[in-house]
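Right, one structure below, let's go through it.
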Protein chains: 2
Amino acid sequence: MVTINDIAKQAGVAKSTVSRYLNGGAVSEKTKAKLDAIVARNDYTPNKFAQSLKAKRTHMVGAIIPRLNSYATNEALKGLENSLRLSKNQLLITNADQNREREIEAIYTLAKQKVDGIVLFAAEITPEHEKAFEESATPVVIVGQSHPNYHCVIHDDEKAGYSVGAYAVANGHRNILVFGVDEADQAVGITRRKGIEKAFVGKDITYTFVKTSFSMMDAYKLALEVLPETKATFIIGATDNIAIGIMRAAHELQMDIPNRLSLAGFGGYEITEAVHPRITTVHFPFHEAGILAADILLQLIEGKEMPYVEKLDNHLMIRESTQAIK
Amino acid sequence: MVTINDIAKQAGVAKSTVSRYLNGGAVSEKTKAKLDAIVARNDYTPNKFAQSLKAKRTHMVGAIIPRLNSYATNEALKGLENSLRLSKNQLLITNADQNREREIEAIYTLAKQKVDGIVLFAAEITPEHEKAFEESATPVVIVGQSHPNYHCVIHDDEKAGYSVGAYAVANGHRNILVFGVDEADQAVGITRRKGIEKAFVGKDITYTFVKTSFSMMDAYKLALEVLPETKATFIIGATDNIAIGIMRAAHELQMDIPNRLSLAGFGGYEITEAVHPRITTVHFPFHEAGILAADILLQLIEGKEMPYVEKLDNHLMIRESTQAIK
DNA sequence: TTGTATGCGTTATCAG
DNA sequence: CTGATAACGCATACAA
């Protein structure tokens, strides 16, 4: 490995001069030219670890994601990585695989790696999370959930829920079935649901709520039980994945979508456009969420003050899986 | 930040003793007990950078992936990360976003970060790749493509192709349409196709090949053009994504699957089981590929010799999207 | 503008 | 079994 010392020797100067040259300090034109050549010839690059040891700045930021194959986090990750790359930072992705302990562990691991900041794609913020953040003393941005003590990038889940609920009502549906998730997930389990229900207030709607998980397969199985008995004409899945699980069950049960049943989801995943019929859904700006998270984190790392909550907009996309009651 | 020096002072020993204690060297029971307490109390952890500076070993390995939302790479990544975590290594994921330049750039970036090794999920290995690997002098494992100069974990694509081709033939299909991809992707574009075609040799098959990309949308658009005219009774998509694109087009064109058209794909993606009808496909052990890649890389880092090619098996999963000719 | 000296936190060597 | 010391590669205060 070629070090700053090798360069200094070849150039016949002190290594401190080379260091200055590298970091934009005062160097004479002549030595600068000489160093230009020598550095290029050896294609020398400074040792990041030696630098970090001094500078206390690693130019690495960690991301903790709940699982790898989520359209939402993947899109956000893309935005995040891109912004980070432009500002010469490296993204370190850790997959917690839906496991809370691994999520906490990841915070500590990343802190040990001395990342400059952490982006957490969260379902839930527990006291253990807070403790871990406390101890690691690292700037944090949370994506997808809101929390009073941390900087958050969130989606307007209440609006999203309301859009779908109001759309169903406006199209004459009076019996509506919702496949939701546990309240542990604040954004989806509580806020989004609240938005949906708000649309029903004072409207004489028969409304049923059943609880499932984020898994396509679980939604499918539950739908297989629930659908045959339902009188509902409009079904809302709390995510597009859930909607797809429901759709599969409906197909197998020969319940035509949208004639027998309207179906809507949330997310705007690519796959909702590839199935038949295409699924009505709410499009969330996941990519922008990633970019925004990078922005905020970078500012935080610089020591700047930032607003605690950034709420992103979303909009309903009406497609063939839903129709008005005749 | 609490350092080895602080610990040493508190314990009234030399820091070298603490270091030995930390790294399993010879320490008396008494000082060991004392250090146990002090280290715990301060919850001291060694500074990774100072360690890396000495050890020339960062315990980080880099993964370069072509894109984030690929079922295949996500599964492999999961296996990879898990194995790495068990051996106390950190995974650094870099998304090249289908861009060859960014792929090359990533190799250099990771090398600068001094990762101990690199796992490349590749579509194609160009001379630039080779050059980058050469210069970075880092152990490399390539997943999904084979190359004579590097350690590779590959799938038996020829067998996979043959399975599907032979299945179609055995079920009486005589006119077969294949949606393939460019030959730049050796594994899918050449080997897999070769396997398919091998099954047709000497069988009096009318065989048509059309070329598309890996994108679901592209396959859909192409299918919309090609399907109306085709006399084929069996369609093979080179990946499950392509198959899904074809399926959407078939739905829109009111061509019933499987009665009018049998449809098969490759991969075993979860989504093939969630659509209706479920798609016949070849299941590849992506997760195992990741685990195996981690294994090999770790050995390589230790300086051990390893076989250059590991080929993984796969098997056909027959589902409702295909049926025999009546 | 340049060079010298020192420290960052750790591990390894070697003498005690 | 322990401690002093050098070394890893770099940045910087200070002197020249």
Side-chain angles (χ1 to χ4, degrees), chain A residues 1-39 42-60 88 90 109 111-116 136-138, chain B residues 1-39 42-60 88 90 111-116 136-138 301:
Chain A
M1 173 197 289
V2 35
T3 77
I4 198 173
N5 249 315
D6 303 329
I7 304 295
K9 265 177 207 152
Q10 286 190 42
V13 299
K15 61 178 180 175
S16 50
T17 305
V18 181
S19 179
R20 243 178 292 113
Y21 159 80
L22 256 16
N23 298 292
V27 192
S28 73
E29 278 304 322
K30 213 170 64 187
T31 51
K32 182 169 171 184
K34 192 159 41 170
L35 285 171
D36 275 342
I38 297 181
V39 165
N42 296 312
D43 58 63
Y44 161 77
T45 53
N47 181 314
K48 296 271 177 194
F49 294 97
Q51 283 184 321
S52 302
L53 193 55
K54 292 288 299 182
K56 312 292 190 196
R57 177 89 186 259
T58 62
H59 293 279
M60 298 194 304
K88 302 288 180 196
Q90 250 281 335
T109 311
K112 261 188 236 174
Q113 303 262 342
K114 299 269 182 294
V115 292
D116 295 338
S136 67
T138 307
Chain B
M1 174 196 289
V2 38
T3 78
I4 199 172
N5 250 315
D6 304 328
I7 304 295
K9 265 177 207 152
Q10 286 189 42
V13 299
K15 62 178 179 177
S16 46
T17 304
V18 180
S19 180
R20 244 178 291 115
Y21 159 81
L22 255 16
N23 297 291
V27 193
S28 73
E29 278 303 321
K30 214 171 64 186
T31 49
K32 183 169 170 186
K34 192 162 36 173
L35 286 171
D36 276 340
I38 297 181
V39 165
N42 297 318
D43 58 61
Y44 161 76
T45 54
N47 181 313
K48 298 271 177 195
F49 294 98
Q51 285 183 323
S52 301
L53 190 56
K54 287 292 294 183
K56 313 290 192 194
R57 178 89 185 261
T58 61
H59 294 279
M60 299 194 306
K88 304 286 179 196
Q90 250 281 335
K112 260 189 236 174
Q113 302 262 343
K114 299 269 183 292
V115 293
D116 295 336
S136 67
T138 306
I301 292 172

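Just so you know, these numbers use all the heavy atoms, side chains as well, and skip hydrogens, waters and symmetry mates. Proteins get letters first, then strands, A, B, ... in listed order; numbering begins at 1 in each.
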With nearest nucleotides of DNA chain D determined for Ala26(B) and Asn5(A) from heavy-atom distances, which residue corresponds to the more 5′ nucleotide? Ala26(B)
Give me the atom names and distance for the closest heavy-atom approach of Ile7(A) to Val39(A). CG2-CG2, 4.1 Å
Nucleotide dG9(D), atom P - distance to NZ of Lys48(B) in whole Å: 20 Å
To the nearest angstrom, how far is Asp6(A) atom CG from dC10(D) atom P? 9 Å
Strictly distance-based, threshold 3.5 Å: is any side-chain N or O of Thr138(A) a donor or acceptor partner for the main-chain N or O of Ser136(A)? yes
Tyr21(B) and Asp36(B) side chains, donor-acceptor separation under 3.5 Å: yes
At under 4.0 Å, does any side-chain N or O of Asn47(A) touch on OP1 or OP2 of dC10(D)? no
Nearest-Å distance for atom pair CZ/C1', residues Phe49(B) and dT10(C): 13 Å
Leu53(B) or Ser16(B): which one's nearest nucleotide on DNA chain D is closer to the 5' end? Ser16(B)
Check whether any side-chain N or O of Ser28(B) sits under 4.0 Å from OP1 or OP2 of dT2(D), and answer yes or no. yes
Quickly work out the Arg20(B) CZ to dG9(C) C1' distance and round it to whole Å. 17 Å
Side-chain N or O of Ser19(A) versus OP1/OP2 of dA11(D): is the shortest distance under 4.0 Å? yes
Glu29(B) CD to dT2(D) P, straight-line distance once rounded to whole Å: 10 Å
Is it the case that dA12(C) (base atoms only) and Lys54(B) (side chain only) share a donor and an acceptor within less than 3.5 Å, ignoring hydrogens and angles? no
Atom-pair distance (NZ on Lys9(A); C1' on dG3(C)), nearest Å: 15 Å
Please determine, for the side chain of Ala14(A), which listed nucleotide (dG9(C), dG3(C), dC10(D)) has the closest atom? dG3(C)
Any donor-acceptor N or O pair under 3.5 Å, side chains Ser16(B), Ser19(B): no
Name the nucleic acid region contacted by Ser52(B), choosing base, sugar-phosphate or nothing; use a 4.0 angstrom heavy-atom cut-off, strictly under. nothing
Touch check for Val27(B), heavy atoms < 4.0 angstrom, all strands: base, sugar-phosphate only, or nothing? sugar-phosphate
Whole-Å gap separating P (dT2(C)) and OH (Tyr21(A)): 13 Å
In whole angstrom, what separates Ile4(B)'s CD1 from dT11(C)'s C1'? 8 Å
Of all the heavy-atom pairs spanning Arg20(A) and Ala26(A), show the shortest one and how long it is. NH1-O, 3.4 Å
Taking dA11(D), dG3(D), dG9(C) as options, the one with an atom nearest any side-chain atom of Lys15(A) is dA11(D)
Does Gln51(A) place a side-chain N or O at less than 4.0 Å from the phosphate oxygens OP1/OP2 of dG9(D)? no
Between dG9(D), dA11(D), dG3(D), which nucleotide gets closest to the side-chain atoms of Thr17(B)? dG3(D)
